[in-house]
Colleague: 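Got a structure for you, written out below as structure tokens; questions coming shortly.
We're numbering straight along the sequence, starting at 1.
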Amino acid sequence: MSPPPSSPASARRVRDRGPPDRAIPPPERRQQRPELALYPERGLAVERYRAGRARPDGALAPIGTFAGAGEWADPKGVLMVLEVTSHDADTGRRDRKEKRDGCAAAGIPVHLLIDRENCTLTVHSDPDAGSYRRGPSLPYGASMSIPDPVGITLDTEPLEEFAR
């Protein structure tokens with residue numbers, strides 16, 4: 001039996017996980033790294049990005065990383081950020097360059113860019129001196145190896161149905 005929603009144990013569980021319906025996918029969907037959660041639109045304190053604040057489309061981190069962190073969390077502990085390009089004039093500068101470089105400068109190990117305009121995925125990794133040293137791109141439909149510390153293989157075939 002679980003504690004009532006207003007109990008201290010229940011509040012602790014929710015605080016440690018973040019929003020339960022947004023942060024942690026059901027166990028059957030966390031097949032490769034069940035100890036990680038993808039936190040959508042998580043505010044990160046990224047000094048070299050617009051006013052020191054970045055809100056990537058997703059931040060992959062161990063469950064509980066953002067417990068008690070507030071709206072703009074330290075990116076320490078984030079293993080990867082996920083960015084999906086927007087359909088606006090600013091996407092080239094913002095999504096493909098500025099946010100990527102800000103995350104590299106913050107030491108986030110992996111930056112995954114899903115480029116809806118070009119129908120590609122680019123995995124930036126190995127941050128060094130404010131930029132990523134590696135950045136291979138593959139078309140939608142390919143299997144993409146996400147390097148350590150993430151260490152998973154991503155099947156991108158489902159993305160083909162969202163291509164323009």
Side-chain angles (χ1 to χ4, degrees), residues 13-49 53-69 72-86 91 94-163:
R13 219 178 28 254
V14 170
R15 187 177 59 244
D16 289 347
R17 290 191 320 208
D21 58 334
R22 290 186 44 140
I24 303 173
E28 65 273 9
R29 297 196 55 214
R30 293 184 278 137
Q31 298 171 2
Q32 295 183 50
R33 298 288 306 269
E35 75 281 12
L36 302 178
L38 183 63
Y39 295 86
E41 299 181 354
R42 183 65 177 104
L44 299 175
V46 174
E47 187 176 318
R48 282 194 35 203
Y49 181 73
R53 296 177 174 179
R55 195 175 296 278
D57 293 314
L60 185 71
I63 294 170
T65 295
F66 301 116
W72 301 103
D74 185 330
K76 182 180 177 184
V78 175
L79 304 180
M80 178 178 79
V81 293
L82 164 70
E83 194 63 42
V84 180
T85 58
S86 305
T91 197
R94 182 189 62 241
D95 294 340
R96 294 186 184 104
K97 180 163 179 27
E98 290 177 358
K99 206 177 281 188
R100 176 201 66 202
D101 293 348
C103 289
I108 297 172
V110 178
H111 177 278
L112 174 61
L113 177 69
I114 299 175
D115 193 319
R116 296 189 294 178
E117 184 177 332
N118 298 321
C119 298
T120 60
L121 279 87
T122 303
V123 179
H124 300 103
S125 62
D126 200 10
D128 182 49
S131 63
Y132 289 104
R133 294 194 293 180
R134 293 184 180 81
S137 293
L138 290 174
Y140 287 3
S143 278
M144 173 73 77
S145 291
I146 310 294
D148 288 335
V150 178
I152 64 170
T153 300
L154 186 61
D155 175 17
T156 69
E157 189 173 341
L159 294 174
E160 290 180 315
E161 71 181 80
F162 297 105

Colleague: Between Arg33 and Val150, is there a donor-acceptor pair closer than 3.5 Å when you use the side chain of the first and the backbone of the second?
Modeller: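 Yes.
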Colleague: For residues Ala61 and Phe66, report the shortest heavy-atom separation together with the two atoms involved.
Modeller: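 Result for this residue pair: CB-CE1, 4.1 Å.
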Colleague: Taking all non-hydrogen atoms of both residues into account, name the closest pair between Ala106 and Val46 and its distance.
Modeller: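 What the structure gives for the nearest pair is CB-CG1, 4.3 Å.
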Colleague: Look at Glu98 together with Arg100 and state whether they make a salt bridge at an N to O cut-off of under 4.0 Å.
Modeller: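 Looking at Arg100 together with Glu98, the answer is no, because their closest N to O distance does not fall below 4.0 Å.
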Colleague: For the backbone of Tyr132 and the side chain of Asp126, can you confirm whether one donor and one acceptor N or O come within less than 3.5 Å of each other?
Modeller: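 Not confirmed, Asp126 side chain does not pair with Tyr132 backbone.
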Colleague: Val123 vs Leu154, test: side chain to side chain contact (heavy atoms under 4.5 Å, CB included). Steps then yes/no.
Modeller: CA-CA 11 Å; Val123 179; Leu154 186 61; over 6 Å; no
Colleague: As an exercise, state the distance from CZ of Arg134 to OG1 of Thr122, rounded to the nearest 0.5 Å.
Modeller: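 Going from CZ on Arg134 over to OG1 on Thr122, the span is 15.5 Å.
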Colleague: Quick check for you: to the nearest 0.5 Å, what is the distance between Met144 atom CE and Thr153 atom OG1?
Modeller: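 Nearest 0.5 Å value for the CE-OG1 distance: 10.5 Å.
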Colleague: How long is the span from the OH atom in Tyr39 to the OG1 atom in Thr65, to the nearest 0.5 Å?
Modeller: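 One gets 5.5 Å once the value is rounded to the nearest 0.5 Å.
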Colleague: Between Thr156 and Ser143 (side chain of the first, backbone of the second, donor and acceptor by atom type, cut-off under 3.5 Å), is there such a pair?
Modeller: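 Pair absent, no side-chain N/O of Thr156 close to backbone of Ser143.
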Colleague: Would Arg55 pass as a cation-pi partner of Trp72, given that its NZ or CZ must be under 6.0 Å from the six-membered ring centre and within 45 degrees of the axis?
Modeller: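 Yes, Arg55 sits over the ring of Trp72.
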Colleague: Can you tell me if Asp155 uses its side chain to pair, donor with acceptor, with the backbone of Glu157 under 3.5 Å?
Modeller: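 Yes.
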Colleague: Determine, stepwise, if the pair Leu121 / Leu112 fulfils side chain to side chain contact (heavy atoms under 4.5 Å, CB included).
Modeller: CA-CA 7 Å; Leu121 279 87; Leu112 174 61; 4.0 Å; yes
Colleague: Without swapping roles, check the side chain of Glu41 against the backbone of Pro56 for a donor-acceptor pair under 3.5 Å.
Modeller: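 Not a single qualifying donor-acceptor pair exists.
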Colleague: List the atom of Tyr140, the atom of Ile114, and the distance in Å for their closest heavy-atom pair.
Modeller: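 Residues Tyr140 and Ile114, closest heavy atoms: OH-CG2, 3.5 Å.
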Colleague: Between Glu117 and Arg96, is there a salt bridge with N-O shorter than 4.0 Å?
Modeller: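 Salt bridge: yes.
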Colleague: Take His111 and Glu83 through the test side chain to side chain contact (heavy atoms under 4.5 Å, CB included) and record every step on the way to the result.
Modeller: CA-CA 8 Å; His111 177 278; Glu83 194 63 42; 4.0 Å; yes
Colleague: Which atom names give the shortest non-hydrogen contact between Ala54 and Lys99, and what distance separates them?
Modeller: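 In this case the closest contact between Ala54 and Lys99 is CB-CG, 4.5 Å.
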Colleague: Identify the heavy atoms of Pro149 and Pro109 that sit nearest to each other, and give their distance.
Modeller: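 Here Pro149 and Pro109 meet closest at CD-CB, 3.4 Å.
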Colleague: Which distance, rounded to the nearest 0.5 Å, do you find between the CG of Leu113 and the CG of Asp115?
Modeller: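 If we round to the nearest 0.5 Å, Leu113:CG and Asp115:CG are 5.5 Å apart.
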Colleague: Just verifying a value: how many Å separate Leu44 CG and Cys103 SG, rounded to the nearest 0.5 Å?
Modeller: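 Here the rounded value is 7.0 Å.
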Colleague: How many angstroms lie between atom CG of Leu60 and atom CG of Leu82, to the nearest 0.5 angstrom?
Modeller: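 Here the rounded value is 9.0 Å.
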Colleague: Taking it one step at a time, do Met80 and Ile108 satisfy side chain to side chain contact (heavy atoms under 4.5 Å, CB included)?
Modeller: CA-CA 6 Å; Met80 178 178 79; Ile108 297 172; 5.6 Å; no
Colleague: What pair of heavy atoms forms the shortest contact from Arg42 to Ala69, and how long is it?
Modeller: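 Scanning both residues, the minimum pair turns out to be NH2-CB, 3.5 Å.
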